[in-house]
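Below, chain A is the first sequence line, B the second, and so on; all start at residue 1.
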Amino acid sequence: MTNTRNDGRLNNQIRAFESEQSLLNKADGSARFTQNKSSVLAAVYGPIEVKNSRKQKILKSLIEVSFTPSVGNTTYLDKEKELLIKNALESIILTTLHPRTQISIIFQVFSDDGSIISCAINAACLALLDAGIEMQGLIGSVTLCYNHDKSIYLDPTAQEEKECKSLSVIAYGSQSSQIIMNKTEGTLSMDLYFKSLPLSKEACDKVISYIKLAVKNRIMGTISTNTTSTTIES
Amino acid sequence: MENFVDQFVVPGDVIAKIEDLKVRIGHGLLQSKDQIIASKSGILRYSKHHKFYWIENEQKRYIPQVEDMVVGVITEKHAESFKVDIGSSCSALLSAYSFENATKSNKPLLNVGNLVYARVSVANKDMEPEIVCLSVRNKSEGFGQLMAGYLFNCTLGLSHYLLSEDCPILATLGKHIPFEIAVGVNGRVWVNSKSNLHTIIITNTILNSQFIPDDQIENFILKLIESRT
C-alpha cells in the first residue's frame with residue numbers, strides 16, 4: 001500500500017492511544033483519552049440525585065452529557081455530538097439498576113485534530129469504568145473517512161476530515177460485536193460502506209482491547225498507559 | 001467460577017454458569033439466565049466462609065446495601081426522624097426511635113451537621129435507604145453519635161480493606177498511638193485521638209497505606225512521629 005497521507009500513516013493505520021485515569025479528585029470517575037493531537041477529558045458523576053426533577057425517570061437513571069469544545073462557546077454542532085454520545089452510552093450503561101438517579105458525563109476537549117467524537121466515546125468508556133458504573137459491556141469507537149478516489153482513511157485528522165467526500169463515526173460494543181452507533185455524513189455508496197465495516201470492526205476491537213489493558217494497568221498500579229500506532233488488517 | 005477468583009474482569013465477562021445454587025453474588029455481578037456476568041471492572045473476590053463472590057474496585061460513589069456500616073452526616077432534623085447524608089444518590093432516613101433506650105420522651109439530641117455511625121436496615125433501589133443506630137441485638141454496640149474527632153473520605157475499596165481481618169494497618173497504628181476509629185463502608189472514616197498531631201498521622205498513614213507495602217508501614221509511622229516531635 002502506498003503512503004499517501006500527510007502525516008506519513010498508512011490508509012488503515014490508527015494513531016497511537018494514550019490515556020490517564022482518575023486524574024480528577026472530585027469526580028467519581030475521570031479519564032483522558034489522547035490520539036496524537038486529539039485529546040478529550042471525560043468526567044463521570046453518579047449515580048447522584050436528579051438535578052432537574054422534571055427530567056427524572058421513574059424506571060431508569062437519567063444520562064446527561066455535556067460537551068465543551070477547546071475554544072469558543074458550545075454551538076449546535078456540539079449539541080449534536082452530545083446527543084450522539086448520549087445515545088451510544090445509554091445502550092451500554094445498565095440504567096435500570098439505579099432508578100430515579102442521574103449519571104452526568106462531562107467532556108472537555110483539550111485539542112481537536114479530527115475523530116473527536118470517537119475520542120470522546122473512548123474517554124467516556126474509560127471514565128465509566130473508573131467510576132464503577134454498571135455496564136453490560138465495553139464500547140469502542142472509530143472514525144473513517146471516504147475519499148473521492150474511493151480510498152478509506154482510518155482515524156482521520158481534521159485536515160483529512162475537511163477534504164474527504166464522506167465521513168462515518170462508528171461504535172461497537174464488546175458484547176456479541178454489535179454496532180451501537182453509526183453516523184454518516186456526505187454521500188457514500190453502499191458497496192464502499194459495507195466494504196469498510198470489517199475494517200471498522202477490527203479497529204474498534206483494537207480500541208476495546210486497549211481499554212481493557214488500560215483499566216487493568218490502573219487497577220494493578222500504573223495510572224497512564226500508551227501504545228504505539230497500529231495498522232488494522234481487514 | 002473458581003478460575004476467575006483474584007483475576008481481573010471487565011464488564012461483559014461471563015464468569016460462570018450457575019451450577020451450585022448456594023452461591024451468593026454481590027457488588028458488580030449480575031445474573032442473566034443461568035450465567036453470571038460482571039458489570040464492573042475490578043478483581044473478582046471470593047469469601048469461602050460466606051460462599052460469596054464480589055468485584056473489588058476503587059470506586060468512590062457509595063450504593064447502599066443492607067447491613068452495611070456507614071458514617072453519615074445529619075442534614076435535616078424533623079420531629080421524629082433525621083435525614084442523613086451517607087454519600088449515596090438519595091439521603092437516608094434515620095428514625096429518632098432507632099437508638100438504644102430512645103422513647104417518645106427521651107429522644108437523641110442530634111443537630112444538623114453532627115456525625116452518626118449507623119447500620120443500613122433498608123436498601124432498595126426504588127426506595128429511600130433507612131439506617132438505624134442499633135445492632136442486630138437492639139443494643140447500641142458502638143453505633144450512635146460520633147463526638148469530636150476528624151472525618152475524611154477514601155475509596156470504597158480502602159474502607160472495605162480497613163474492616164477486613166487481614167488488614168495490619170490499624171493494629172500497627174495502635175501499637176504506637178492510642179486512638180478511636182469508625183470506618184464506614186461508604187468511604188468515610190472518622191478518627192479521634194488525644195492530639196491533633198496524632199489524628200493527622202493516623203489519617204496520613206491510612207490514606208497512604210495503599211502505596212506502602214505492609215512491612216514498611218511501621219517505619220512510615222515511626223518516621224512521621226519522629227519528624228513532628
Side-chain angles (χ1 to χ4, degrees), chain A residues 21-22 24-30 44-51 56 58-62 92-104 125-139 173-177 208-209 211-221 223, chain B residues 6-14 25-32 35 37-45 54-65 75 83 85-92 123-129 152-157 160 186-187 207 210-213:
Chain A
Q21 284 164 279
S22 300
L24 300 180
N25 244 335
K26 292 226 168 161
D28 292 316
S30 54
V44 173
Y45 296 82
I48 52 174
E49 214 164 329
V50 185
K51 296 254 171 66
Q56 178 174 290
I58 300 296
L59 292 173
K60 56 183 190 172
S61 57
L62 171 76
I92 59 152
I93 298 173
L94 294 163
T95 48
T96 47
L97 289 178
H98 307 291
R100 290 173 296 107
T101 62
Q102 172 179 336
I103 297 169
S104 297
C125 182
L126 275 169
L128 286 167
L129 288 170
D130 188 42
I133 306 276
E134 278 96 343
M135 298 199 282
Q136 58 175 352
L138 303 177
I139 185 171
S174 67
Q175 286 322 99
S176 66
S177 321
I208 288 170
S209 54
I211 288 173
K212 274 185 195 169
L213 183 75
V215 178
K216 192 174 179 180
N217 282 348
R218 153 95 184 97
I219 290 194
M220 303 303 181
I223 286 173
Chain B
D6 293 333
Q7 292 290 309
F8 172 78
V9 291
V10 288
D13 281 357
V14 177
I25 54 169
H27 210 73
L29 294 171
L30 288 173
Q31 184 196 341
S32 162
Q35 289 179 324
I37 295 172
S39 66
K40 287 181 184 182
S41 66
I43 296 163
L44 184 75
R45 297 285 189 209
W54 76 98
I55 288 179
E56 187 183 274
N57 66 355
E58 297 292 312
Q59 81 179 73
K60 295 178 197 164
R61 179 68 55 179
Y62 172 66
I63 285 133
Q65 272 183 322
T75 52
K83 275 273 162 67
D85 168 29
I86 55 169
S88 58
S89 61
C90 182
S91 55
N124 186 319
K125 65 178 175 147
D126 298 304
M127 286 161 69
E128 178 181 44
F152 63 92
N153 294 326
C154 65
T155 62
L156 303 191
H160 274 115
N186 56 345
L207 288 178
Q210 280 172 304
F211 312 107
I212 307 172

Please look at Leu94(A) and chain B and tell me whether the side chain, the backbone, both or neither of the residue comes under 4.5 angstrom of a heavy atom of that chain.
side chain
First locate atom CD of Gln21(A), then atom CD of Glu58(B), and finally report the distance between them rounded to the nearest 0.5 Å.
11.5 Å
Just checking Asn25(A): does its CG atom have more than 12 heavy atoms from other residues, nucleotides or ligands closer to it than 6.0 angstrom?
no
Sort out for me which of Ala38(B), Gly42(B), Gly12(B) touches chain A most, counting heavy-atom pairs under 4.5 Å.
Gly12(B)
Please confirm whether the backbone N or O of Tyr45(A) pairs with a side-chain atom of Arg61(B), one donor and one acceptor, at under 3.5 Å?
no
Is a side-chain donor or acceptor of Lys60(B) paired with a backbone partner of Lys26(A) at a separation under 3.5 angstrom?
no
As an exercise: rank Leu156(B), Asp13(B), Asn153(B), Ile63(B) by heavy-atom pairs under 4.5 Å with chain A and give me the winner.
Ile63(B)
Under 4.5 Å from a heavy atom of chain A, the part of Asp126(B) involved:
both
Restricting to non-hydrogen atoms, name the atom on Pro47(A) and the atom on Ser89(B) that form the minimum distance, rounded to 0.1 Å.
O-CB, 3.2 Å
Nearest heavy-atom approach of Pro11(B) to Ser174(A) is O-OG, 4.4 Å
Can you tell me how far the NZ atom of Lys40(B) sits from the CG atom of Leu128(A), to the nearest 0.5 Å?
12.0 Å
If you take all heavy atoms of Leu97(A) and Lys125(B), which pair is closest and at what distance?
O-CD, 3.5 Å
Could you grab the distance from atom CD of Glu134(A) to atom NE2 of His27(B), nearest 0.5 Å is fine?
7.0 Å
Contact class of Ile55(B) relative to chain A, heavy atoms under 4.5 angstrom
neither
Just verifying a value: how many Å separate Met135(A) CE and Ser41(B) OG, rounded to the nearest 0.5 Å?
7.0 Å
From Glu49(A) CD over to Ser91(B) OG, what is the distance, rounded to the nearest 0.5 angstrom?
6.0 Å
Out of curiosity, Asp130(A) CG to Gln59(B) CD, how far, rounded to the nearest 0.5 Å?
10.0 Å
Highest number of heavy-atom pairs under 4.5 Å with chain B: which of His98(A), Gln136(A), Arg100(A), Gln102(A)?
Arg100(A)
Bottom line for Ile133(A): the part with an atom under 4.5 Å from chain B's heavy atoms is backbone
